[in-house]
Amino acid sequence: MEWGNENGLSVLFVCLGNICRSPMAEGAFRKAAAEAGLEIEIDSAGTAGYHIGEPPDPRAIKAAGRHGVDISGGRGRQLCEQDFDRFTHIFALDSANLAGIEARAPRHGRAKVAMLLDVLEDHEGASVDDPYYGDQGSFDECWELVSSAANRLAEKLAARAEAPKA
Ligand code: 4NP
């Protein structure tokens, strides 16, 4: 993905329910962005409305907590049209949700939409599997994958922030 050279990056992570994958991606990226000294607006949402107002799944909270990240304050919300103007970048956790995001995109929204795992050179186009019907191990594995992507994303953005502006 081309990042362009606009200032004021803002990043939204989107899965289906906004209680498992995208809150973990959000938490991992908050940590990575803070460590890289990046000031970025960060949030997550779901394409579906099943879990609006609910905290993240306890297994997601536990997986994040094992890495020193507290995501328990998150509350599920659904992707809305304003998100396409509020955020510069929207990252889908899987291909079905990428399609769901694109279906909701207004014609003139500014957000660039991509798959989260596109930032990992060996995972381009890949989906983060839904851990919801799995066990704690599925959530811990999911954390490892989304935090690798979050770290790489922060690295790319930090390099971009340091690059001379065209
Ligand atoms: P998420 O996981 O999209 O990673 O938040 C899911 C959460 C809930 C459901 C499906 C996936 N659900 O069917 O309720």
Original post:
With distance as the sole test, does Gln78 use its side chain to make a donor-acceptor pair with the main-chain N or O of Thr47 at under 3.5 Å?
Top reply: yes
Original post:
Under the 3.5 angstrom rule, does the side chain of Asp118 hit a backbone N or O of Gly125 as a donor-acceptor pair?
Top reply: yes
Original post:
If we only count heavy atoms from C-beta on, is the Leu116 to Arg21 side-chain gap below 4.5 Å?
Top reply: no
**OP:** Determine whether Tyr132 and Ile52 fall in the same hydrophobic cluster, where Ile, Leu, Val, Met, Phe, Trp and Tyr are linked whenever their side-chain heavy atoms lie under 4.5 Å apart.
**Re:** no
Original post:
Between His67 and Trp143, what is the ring plane arrangement, given parallel below 30°, perpendicular above 60°, and tilted in between?
Top reply: parallel
**OP:** Decide if atom CD of Glu155 counts as having more than 12 heavy atoms of other residues, nucleotides or ligands within a radius under 6.0 Å.
**Re:** yes
Original post:
Does a side-chain heavy-atom distance below 4.5 Å link Arg75 with Pro55?
Top reply: yes
Subject >> Side-chain heavy atoms of Glu121 within contact of Arg152, under 4.5 Å >> reply: yes
**OP:** May I ask you to decide if Leu12's main-chain N or O and Arg86's side chain share a donor-acceptor pair within less than 3.5 Å?
**Re:** no
Original post:
Does the side chain of Ile101 reach to within under 4.5 Å of the side chain of Leu79, using non-hydrogen atoms?
Top reply: yes
**OP:** Work out which heavy atom in Asp57 is nearest to a heavy atom in Cys20; give both atom names and the distance.
**Re:** CB-SG, 4.0 Å
Subject >> ILVMFWY network linking Leu93 to Leu16, side-chain heavy atoms under 4.5 angstrom >> reply: no
Original post:
Taking C-beta and beyond as the side chain, do Thr88 and Ser10 meet within less than 4.5 Å on heavy atoms?
Top reply: yes
**OP:** For Ala60 and Phe139, work out which heavy atoms get closest and say how close.
**Re:** N-CD2, 3.5 Å
**OP:** Tell me, with the steps shown, if Asp129 and Cys142 meet side chain to side chain contact (heavy atoms under 4.5 Å, CB included).
**Re:** CA-CA 8 Å; Asp129 289 339; Cys142 183; over 6 Å; no
Original post:
If you look at every heavy atom in Met115 and Ser127, which pair is closest and at what distance?
Top reply: CE-OG, 3.7 Å
**OP:** Would you check if the side chain of Asn18 reaches a backbone N or O of Arg77 as a donor-acceptor pair within less than 3.5 Å?
**Re:** yes
Original post:
How long is the span from the CD atom in Glu35 to the CZ atom in Arg30, to the nearest 0.5 Å?
Top reply: 14.0 Å
Original post:
Between Gln136 (side chain) and Arg59 (backbone), is there a donor-acceptor pair under 3.5 Å?
Top reply: yes
**OP:** Find out whether Ile61 and Ile71 are in side-chain contact, i.e. whether some heavy atom of one side chain is under 4.5 Å from a heavy atom of the other.
**Re:** yes
Original post:
Between Ala36 and Ala158, what is the shortest heavy-atom contact and its length?
Top reply: CB-CB, 4.3 Å
Subject >> Closest contact, heavy atoms only, Ala154 versus Ala33 >> reply: CB-N, 4.2 Å
Subject >> Gap between atom CZ of Arg110 and atom NZ of Lys112 - 0.5 Å precision >> reply: 10.5 Å
Subject >> Pairwise side-chain contact, Tyr50 with Ile19, heavy-atom cut-off 4.5 Å (strictly under) >> reply: no
Subject >> Interatomic spacing from CG in Asp83 to CG in Asp43 - rounded to 0.5 Å >> reply: 7.5 Å
Subject >> Nearest non-hydrogen partners of Gly74 and Pro56, listed with the distance >> reply: O-CD, 3.2 Å
Original post:
Tell me, do Leu120 and Leu145 make a side-chain contact under 4.5 Å, heavy atoms counted?
Top reply: yes
**OP:** Kindly compute the distance separating CD1 (Ile40) from CG (Leu153), expressed to the nearest 0.5 Å.
**Re:** 7.0 Å
Subject >> Separation of Asn97 CG from Arg104 CZ (nearest 0.5 Å) >> reply: 8.5 Å
Original post:
So, the side chain of Ser44 versus the backbone of Phe13: is there a donor-acceptor pair under 3.5 Å, distance only?
Top reply: no
**OP:** Could you tell me the separation between the CG atom of Asp140 and the OG atom of Ser138, rounded to the nearest 0.5 Å?
**Re:** 8.5 Å
